[in-house]
Amino acid sequence: MDFYERAKMICENIPRGRVATYGQIALLCGKPRNARQVGYALNKGRLGDVPAYRVVSGSGVLSGAAAFETYDMQKILLEAEGVEVKRTKKGWKTDLKRFGWRTTLEEAESFQEMFQKKNI
DNA sequence: GTTCTGACGAACA
DNA sequence: GTGTTCGCCAGAA
């Protein structure tokens, strides 16, 4: 099983106008403790051109040190999709209550099935 | 083999 | 609400 392939697929399946957390992606990958690996993988660019701007840290804060040209690039992209991004002391922040990607049980299961099928 | 590092997270104070 | 500490696990050196 390839953790990176899974992460990539999940990133690509984050709905427009929503954001997901690293922990969430790790969870969907079947590795609940691997939130760091998600970020690490994305940073390394091993996932290719995935919409990584839809991935934020657990509290909804844009991690910032993303693989984007400028720091506020992520913010621009998110706002273009209708996600509100606020300025806080910690940096740019999204409201997970409203814009967080709520994964249903069905979605989670379909991911697992997909992984099984593709043997990744 | 070991050690360090890291787009992080949860549990604390 | 904030700041700190600790745990996590895959890569890199």
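Remember, it's a predicted structure, so these values are computed and weren't measured experimentally. Chain A is the first sequence line, chain B the second, and so forth, proteins listed ahead of strands; every chain is numbered from 1.
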Test item: [X] and [Y] side chains (from C-beta on) under 4.5 Å apart, heavy atoms:
| X | Y | value |
| --- | --- | --- |
| A/I10 | A/F115 | yes |
| A/D95 | A/V85 | no |
| A/T21 | A/S57 | no |
| A/V19 | A/I14 | no |
| A/V61 | A/V56 | no |
| A/D2 | A/R6 | no |

Any side-chain to backbone donor/acceptor pair from A/Q112 onto A/E109? Under 3.5 Å, distance only. no

Would you say the base of C/dA10 and the side-chain of A/Y40 have a donor-acceptor pair closer than 3.5 Å? no

Let me know the distance between [atom1] of [X] and [atom2] of [N], rounded to the nearest Å.
| X | N | atom1 | atom2 | value |
| --- | --- | --- | --- | --- |
| A/K8 | B/dA7 | NZ | P | 21 Å |
| A/F3 | B/dG6 | CZ | P | 18 Å |
| A/Q74 | B/dA7 | CD | P | 13 Å |
| A/K75 | B/dA7 | NZ | C1' | 19 Å |
| A/L27 | B/dA10 | CG | P | 10 Å |

Name the stems with DNA chain B in them: runs of three or more consecutive Watson-Crick or G-U pairs, distances under 3.5 Å?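 The stems that DNA chain B takes part in, listed by first number, are B:2-6 with C:9-13, B:8-13 with C:2-7.
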
Below 4.0 angstrom from OP1 or OP2 of B/dA7, is there any side-chain N or O of A/Y53? no

Would you tabulate the pairs of protein nitrogen or oxygen atoms and nucleotide nitrogen or oxygen atoms of nucleotides 7-9 of chain C closer than 3.5 angstrom?
from: C/dG7; atom 1: O6; to: A/R36; atom 2: NH1; distance (Å): 3.1
from: C/dC9; atom 1: O2; to: A/Q37; atom 2: OE1; distance (Å): 3.0
from: C/dC9; atom 1: O2; to: A/Q37; atom 2: NE2; distance (Å): 3.1

Show me the pairs that pass side chain to side chain donor-acceptor pair (under 3.5 Å) and involve residues 75-93 of chain A, at least two apart or across chains.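 Non-adjacent pairs meeting side chain to side chain donor-acceptor pair (under 3.5 Å): A/Y53-A/E81, A/R54-A/E81, A/K75-A/E79, A/E84-A/R98.
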
Check the pair A/E113, A/S110 against side-chain hydrogen bond (donor to acceptor under 3.5 Å, both in side chains), reporting the backbone distance first and the verdict last. CA-CA 5 Å; A/E113 281 184 28; A/S110 70; over 6 Å; no

Of the listed nucleotides C/dT2, B/dC8, C/dG11, the one nearest the side chain of A/S57: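 Between C/dT2, B/dC8, C/dG11, the one nearest the side chain of A/S57 would be B/dC8.
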
